There are 2 protein chains.
Amino acid sequence: MTTILAEREAQPTLNSAALAQLRSDILTCRLMPGAKLRVEGLRERYGMGASPIREALMRLEAEGLVVLEQNKGFKVADVSIDNLNDLMDTRIEIEGVALRWSIERGGVDWEASLLAAFHRLSKQEKFNPESPRAISNDWNREHEEFHAALVSACGAPTLLSIRSRLFEQAERYVSLSIMADGPSRDDVSEHQRLMKVALSRNVEKALEANRLHIEATRGKVAASLASKKKPAALSVVNRKPK
Amino acid sequence: MTTILAEREAQPTLNSAALAQLRSDILTCRLMPGAKLRVEGLRERYGMGASPIREALMRLEAEGLVVLEQNKGFKVADVSIDNLNDLMDTRIEIEGVALRWSIERGGVDWEASLLAAFHRLSKQEKFNPESPRAISNDWNREHEEFHAALVSACGAPTLLSIRSRLFEQAERYVSLSIMADGPSRDDVSEHQRLMKVALSRNVEKALEANRLHIEATRGKVAASLASKKKPAALSVVNRKPK
DNA sequence: AGTCAACAGATTATCGATAAAATATTTGAT
DNA sequence: ATCAAATATTTTATCGATAATCTGTTGACT
């Protein structure tokens, strides 16, 4: 698996490699929500000692992707309808503010980078024919970058970093939904509309479009969650046999 | 210093003790913005090994109180006018949303807990006569709890946790300002007004009052920062002599 | 004097071993 | 058989030691 090695080589430190790996494994649900994260298992999985792994887990705990129970170890954060609603409600407001400021403050550079990001996203296939139960890595990246481009002129780094953390959390729910129900539409037109209203500097319409975009995701994910085919906590990282 | 021991005894794990200690030392600026955080120094300071300390630092990094430069170690996050403005702008919006929802959704329990929190805050001295260059711990706690009470009925845990992280960051700027300029007014009336407009369910007035409350802090802190008597990076945790 | 390479000292990142805590299993009494 | 105390096993949390990296200093050369 060249990906893992590549990702690891790129990192200057085992710690950051562990962080990148864990984040990716959690966001794509290779590590399922609720799964126990035994250090020994992760050590084997990533081929490193306990320290860099625990440090990475600690960081992810602060981000809400991992939960630590004192003296009982780490597990992947659970998912739930309540948490989904909480998350999406919060996203709508926060992305709303960021988008408003971005539209009000963005210059021609912002417009250009938004167009560019949209173009890249629209040319990228969402699903890899071989594995239709997972979104392509490249598409995910372009998608994240498109939404980041929308709000990039917002001028408040703190707000932007909060936004991107929430965006990540949402990605995890989407992965889950796709694992359960298979590929979803590649919503190019929805993104195009978002871009258009933003470029036309119509704040109200842009906020509404963004809200609907988020609501659409919420609806799809909520449906998957409700028809709970959740073997959730079963994907344990490692358990000593007998 | 019984505080340190007490705080430490209360924690089930060295890790969480380190976290609490570090957070507190950073928020009160006993560890100054920009200060290098050498592990050896922290080991002596807190009397524990490197692992729990590094794990705590990693977590604080995610919260933005600490910065990690790969292979160069940790330091306390810097402060700046730009960051202050970014932070306060973001707070105004996020606390605004939380406050709106809380006012719209809060029941009589919310009203009661808000009244109680205000009462406790108003009975608490802000400064300890002995050390007028630092806000009393108790006041800080009651203050945080009063503001938490204001938004507690908001119904979105994610939003609340973001709010409280931003609130913490702001506390650090306030500490800094007080270290530089000495005690500030104990703004009971300002808090009382906030509570009143919230209880009267007047969303617009409440948001405005909250905005002004934050702007007042921003103004005071910005003034201190501008007259920069910053020996900032000088409070290094430990440096091997000669 | 100024620059740079090589070295020495300090600091970070990581590992492997161990103590502490939790969980699972056995055993003995009712 | 049932429950609970006692024990064994697993897992977590932490330490001390070491390898890797960075930083500051010395000294040779222009």
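Note that these values count all heavy atoms, side chains included, but never hydrogens, waters or copies made by symmetry. Note that the structure is a prediction, hence the values are computed from the model and not measured. Numbered from 1 within each chain, the chains take letters A, B, ... in sequence-line order.
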Exercise. Can you tell me if the side-chain N/O atoms of A:Thr13 get under 4.0 Å from OP1 or OP2 in C:dT14?
Worked result: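 Answer is yes, contact under 4.0 Å.
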Exercise. If only side-chain N and O atoms of B:Lys36 are considered, is one of them under 4.0 Å from the OP1 or OP2 phosphate oxygen of C:dT12?
Worked result: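 Yes, such a contact exists.
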Exercise. Are any side-chain N or O atoms of B:Ser24 and backbone N or O atoms of B:Ala20, one a donor and one an acceptor, separated by less than 3.5 Å?
Worked result: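 Checked: no pair found.
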Problem set entry | Positions of residues 61-73 of chain B (non-hydrogen atom under 4.0 Å from DNA chain D), listed by number |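 B:Asn71, B:Lys72, in order of number.
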For this session: Select from B:Ser51 and B:Val39 the residue whose nearest nucleotide in DNA chain C is closer to the 5' end of that strand.
Result: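 Nearer the 5' end of the strand: B:Val39.
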Rounding to an integer number of Å, can you tell me how far [X] [atom1] sits from [N] [atom2]?
X: B:Gln11; N: D:dA13; atom1: CD; atom2: P; result: 14 Å
X: B:Ile53; N: C:dT11; atom1: CD1; atom2: C1'; result: 14 Å
X: A:Tyr46; N: C:dA13; atom1: OH; atom2: P; result: 21 Å
X: B:Glu55; N: C:dA13; atom1: CD; atom2: C1'; result: 13 Å
X: A:Glu44; N: C:dC15; atom1: CD; atom2: C1'; result: 16 Å
X: A:Lys75; N: C:dA22; atom1: NZ; atom2: P; result: 17 Å
X: A:Leu57; N: D:dT12; atom1: CG; atom2: C1'; result: 12 Å
X: A:Asn15; N: C:dT11; atom1: CG; atom2: P; result: 20 Å

Problem set entry | Charged tip of B:Arg163 within 45° of B:Phe167 ring normal and under 6.0 Å |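 Yes, a cation-pi geometry.
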For this session: May I ask you to say whether A:Asp181 pairs ionically with A:Lys220, meaning some side-chain N is under 4.0 Å from a carboxylate O?
Result: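 A:Lys220 and A:Asp181: not salt-bridged.
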Exercise. Side chains of A:Arg91 and B:Thr158: donor-acceptor distance under 3.5 Å anywhere?
Worked result: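 Looking only at side-chain atoms, B:Thr158 and A:Arg91 do not form any donor-acceptor pair under 3.5 Å.
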Exercise. Are A:Asn128 and A:Ser136 linked by a side-chain donor-acceptor pair shorter than 3.5 Å?
Worked result: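 Their side chains do not contain a donor-acceptor pair, so the 3.5 Å distance test is not met.
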Exercise. Of the nucleotides D:dT14, C:dT14, C:dT11, which has the atom closest to the B:Arg38 side chain?
Worked result: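 The answer is C:dT11.
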Exercise. Quick one: which of D:dT14, D:dA13, C:dT14 gets closest to the side chain of A:Arg54?
Worked result: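 The closest nucleotide is D:dA13.
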For this session: Under the side chain to side chain contact (heavy atoms under 4.5 Å, CB included) rule, collect the residues that match up with B:Arg218, sequence neighbours excluded.
Result: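 So B:Arg218 forms a side chain to side chain contact (heavy atoms under 4.5 Å, CB included) with B:Leu84, B:Asn85, B:Met88, B:Asp89, B:Ile92, B:Glu215.
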Exercise. Angle class for the B:His143/B:His147 ring planes (parallel below 30°, perpendicular above 60°, tilted otherwise)?
Worked result: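 Answer is perpendicular, since the angle exceeds 60°.
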